[in-house]
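Lettering follows sequence order; numbering is per chain, from 1. Keep in mind that what you see is a predicted model, and the values were worked out from it rather than measured.
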There are 2 protein chains.
Amino acid sequence: MGIADDAVEVRAHGWRTLAAVHSLIETALERALQGEHGLSVVEYTVLDALDRQDGWHMRMRQLARAAALSNSATTRLVTRLEDRGLLTRVLCADDRRGIYTELTPAGMELLERARPTHDRVLREALAEAEATPELAPLAGALRELEPRPLR
Amino acid sequence: MGIADDAVEVRAHGWRTLAAVHSLIETALERALQGEHGLSVVEYTVLDALDRQDGWHMRMRQLARAAALSNSATTRLVTRLEDRGLLTRVLCADDRRGIYTELTPAGMELLERARPTHDRVLREALAEAEATPELAPLAGALRELEPRPLR
DNA sequence: CTATTTTCGTTGCGTCTGCAACTAGTGCAA
DNA sequence: TTGCACTAGTTGCAGACGCAACGAAAATAG
């Protein structure tokens, strides 16, 4: 087996590990957020993304990117959250195709209540990953990342 | 903002980055495998996991773990692949609750055809991640992982 | 200024997912 | 042996997803 084949296997292994850690964290978050606050992980992600904009608007397209969702899924997700009164759609004047979304006070409140759950479960899930031999190297690498905003 | 808050933010940032890289890779793989071979990513993952067992059987439960899927989803996924003649269910004698799955020749053949696509797209997706400033550190860390089998 | 292309968000449709409830088989205990 | 807890896999159900097709608004070409 040559160097090229090794590289292929390293990438495949890295991808499997990444997927395993992702699944571990997402499942834990999903259960906790859903059970304690009636929020799915993507819903929390959207509320959090809006909140980290410092009260500023966000376009559907940006939201889709932040939540790693398709356009259609984003439309329905925003509709869902709007129906629950957690955010509002705001038509924007300068580009009449665009639609901005904005957290409502209820949305901010729910987010603040859910955040401790999110942070705790994330911490626990990462600890569990670090305690799992084949996941530990990647879980450890996550801690080394510079916390600079994800555009 | 104290040290504890920093740690919370580091974890949150790491999780967002992980999710972003995961989504980038999965989306690219999904499109390519679906378009060129009619396989979804999980389907490919299952075939590959079975293949890496060196012709050995795998229980549904193991398969569920390997594919990061629930039991029910695994049942249906296996049913789907069985209907397409890519694998077979094998009842196991010593534990009559258990069901083993095994690749058929057609399954191995399709896997071998799909593997180059998978490897190529994975390489491209990782390259794209490394070219994206906020994803690059994590993408780089993946390359440093020791390619030891994921049990 | 009109025609074409592109971008943005929405909707119909088929598919896949997890949860909870269920059946069947195993293993331990009294 | 009988009873009970546990594990393995399947199924009904409701919800969420992506793709492709769509309409509306903006940008670009000619």
Side-chain angles (χ1 to χ4, degrees), chain A residues 19 22-36 38-47 57-84 86-102, chain B residues 19 22-36 38-46 57-84 87-102:
Chain A
H22 181 271
S23 163
L24 172 70
I25 297 175
E26 172 145 74
T27 302
L29 283 177
E30 186 72 40
R31 273 202 255 270
L33 288 174
Q34 196 64 258
E36 299 177 26
L39 279 175
S40 70
V41 174
V42 271
E43 286 166 353
Y44 178 91
T45 303
V46 162
L47 297 185
H57 312 290
M58 241 179 132
R59 281 190 107 110
M60 300 289 289
R61 205 103 180 91
Q62 299 176 266
L63 228 45
R65 245 189 87 75
L69 244 45
S70 69
N71 292 350
S72 58
T74 306
T75 290
R76 289 185 255 254
L77 176 52
V78 165
T79 302
R80 231 151 51 217
L81 295 175
E82 191 179 26
D83 288 348
R84 289 172 61 180
L86 302 174
L87 54 77
T88 54
R89 276 181 165 89
V90 181
L91 297 164
C92 193
D94 41 308
D95 183 347
R96 294 196 339 216
R97 294 169 300 183
I99 292 185
Y100 291 108
T101 48
E102 203 173 274
Chain B
H22 182 271
S23 162
L24 172 70
I25 297 175
E26 172 145 74
T27 302
L29 282 177
E30 186 72 39
R31 274 203 255 270
L33 288 174
Q34 196 64 258
E36 297 178 27
L39 280 175
S40 70
V41 174
V42 270
E43 286 166 353
Y44 178 91
T45 302
V46 162
H57 312 290
M58 240 179 134
R59 281 191 109 111
M60 300 289 288
R61 205 100 179 85
Q62 300 177 266
L63 228 45
R65 245 191 87 73
L69 243 46
S70 69
N71 291 349
S72 59
T74 307
T75 291
R76 288 184 256 256
L77 176 53
V78 166
T79 303
R80 235 152 45 218
L81 294 175
E82 192 180 26
D83 289 348
R84 288 172 63 180
L87 53 77
T88 54
R89 275 180 165 91
V90 181
L91 297 164
C92 192
D94 40 307
D95 183 347
R96 295 196 340 215
R97 294 168 301 183
I99 293 185
Y100 291 108
T101 48
E102 204 173 274

Exercise. When you match A73(A) and T27(A) each to their closest nucleotide on DNA chain C, which lands nearer the 5' end?
Worked result: A73(A)
For this session: Measure from CG on L39(B) to C1' on dT15(C) and round the result to the nearest Å.
Result: 16 Å
Exercise. Would you say R80(B) reaches dT17(C)'s phosphate, i.e. side-chain N/O to OP1/OP2 under 4.0 Å?
Worked result: yes
For this session: Return the value, rounded to whole Å, for the distance between atom CG of D95(B) and atom C1' of dG27(C).
Result: 11 Å
Problem set entry | R84(B) side chain reached by L39(B) side chain, heavy atoms, under 4.5 Å | yes
Exercise. Could you state the CG-P distance from L77(A) to dG18(D), rounded to the nearest angstrom?
Worked result: 10 Å
Problem set entry | Pairwise 5' ranking along DNA chain C for A68(B) and G98(A), keeping only the more 5' one | G98(A)
Problem set entry | L86(A) side chain near E43(A) side chain, heavy-atom distance below 4.5 Å | no
Exercise. Reckon R89(A) has a side-chain N or O less than 4.0 Å from the OP1 or OP2 of dT10(C)?
Worked result: yes
Exercise. According to a strict under-4.0 Å criterion, is R97(A) in side-chain N/O contact with OP1 or OP2 of dA24(D)?
Worked result: no
For this session: Check whether any side-chain N or O of R76(A) sits under 4.0 Å from OP1 or OP2 of dT11(C), and answer yes or no.
Result: no
Exercise. Of all the choices, dT10(D), dG9(C), dA16(D), which nucleotide is nearest to the side chain of T75(A) once you look at every atom?
Worked result: dG9(C)
For this session: Please state whether the rings of H57(A) and Y100(A) are parallel, tilted or perpendicular, taking 30° and 60° as the class boundaries.
Result: tilted
Exercise. Between the side-chain atoms of S72(B) and the base atoms of dG18(C), is any donor-acceptor pair under 3.5 Å?
Worked result: yes
Seminar exercise, completed: To the nearest angstrom, the CE-C1' distance between M60(B) and dG25(C) comes to 16 Å
For this session: Indicate whether the side chain of T74(A) and that of R61(A) have a donor and an acceptor atom separated by less than 3.5 Å.
Result: no
Exercise. Is the phosphate of dT7(D), meaning OP1 or OP2, less than 4.0 Å from a side-chain N or O of R61(B)?
Worked result: no
Seminar exercise, completed: Closest of dC17(D), dA25(D), dC8(C) to the R59(A) side chain is dC8(C)
For this session: Please state how far atom CG in L63(B) lies from atom C1' in dA8(D), giving the value in whole angstrom units.
Result: 13 Å
Exercise. Rounded to the nearest Å, what distance is computed from the CD atom of residue Q34(B) to the C1' atom of nucleotide dT15(C)?
Worked result: 10 Å
Exercise. If you draw a 6.0 Å radius around CZ in R89(A), do more than 12 non-hydrogen atoms from other residues or ligands fall strictly inside?
Worked result: yes
For this session: Take the protein atom CG of N71(A) and the nucleotide atom C1' of dC22(D), then report the distance between them rounded to whole Å.
Result: 13 Å
Exercise. Atom CG of D94(B) to atom P of dT26(C): distance rounded to whole Å?
Worked result: 9 Å
For this session: Compare the minimum distances between each of dC16(C), dG18(C), dG18(D) and the side chain of L69(A), then state the nucleotide with the smallest one.
Result: dG18(D)
Exercise. Within the pair R31(B) and dC19(D), is there a side-chain N or O less than 4.0 Å away from OP1 or OP2?
Worked result: yes
